[in-house]
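Residue numbers begin at 1 in each chain, while the letters A, B, ... track the order of the sequences.
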Number of protein chains: 2
Amino acid sequence: MSFKNVEVKTRANVYHGGKVTSRTIITPEGEMKTLGVMLPGTYRFSTQAPEVMELSQGHCRVKLADQQSWSDYQAGQSFSVPGNSHFEIEVTDLLDYICHFG
Amino acid sequence: MSFKNVEVKTRANVYHGGKVTSRTIITPEGEMKTLGVMLPGTYRFSTQAPEVMELSQGHCRVKLADQQSWSDYQAGQSFSVPGNSHFEIEVTDLLDYICHFG
């Protein structure tokens, strides 16, 4: 699986002291995505645009801003986060993800 | 800074328990490169093809197979590793790198 004819920003995005890193790509259609890795841990992220998180490797559980309970997701699955919101994510096995925006 | 019109493999390469991760890209000329992140730590890597490691962020010191002493490198610098060899690298600040092969 790959993205073809994309632009890749060379500088990595670094969050949470390097436990979460990503690379930004821009598709031929002008869509921005990030390809990232989260090491095991619990993190909180805020969104501006809505996001779809597509999981390529690993396992996590997620609690969206309006939810009381956690939902489990693993490689091959996706979850959606509304815009202007936030979510908590607990990564149990190294997470390799594609983040789609908008 | 970016690479344009490249293919990006979606699956991350994971080494040393996730402390080193990278993404593989293929340029329009068919050259493979990896864009990676190394968290602080000391690692040993083996090479097959010769490699040029170009540093985008961070700081490390490197000892090549035939060297007795360590050399320091930081963002904006590169170091070369012969093929069929190995090197030790001590990352002191999160290292964001581009690995050129061949």
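Proximity to chain B at a heavy-atom threshold of 4.5 Å picks out nothing from residues 60-74 of chain A. Inspection of non-hydrogen atoms places B:Ser56, B:Gln57 of residues 44-59 of chain B under 4.5 Å from chain A. For residues 15-41 of chain A, heavy-atom neighbours of chain B at less than 4.5 Å comprise A:Gly18, A:Thr21, A:Arg23, A:Ile25, A:Leu35, A:Gly36, A:Val37, A:Leu39, sorted by residue number. Against chain B, the residues from residues 93-102 of chain A that qualify, each with a non-hydrogen atom under 4.5 angstrom away, are A:Leu94, A:Asp96, A:Tyr97, A:Ile98 in number order.
The backbone N or O of A:Thr10 lies less than 3.5 Å from no partner atom in the side chain of B:Ser2, so there is not a single donor-acceptor pair.
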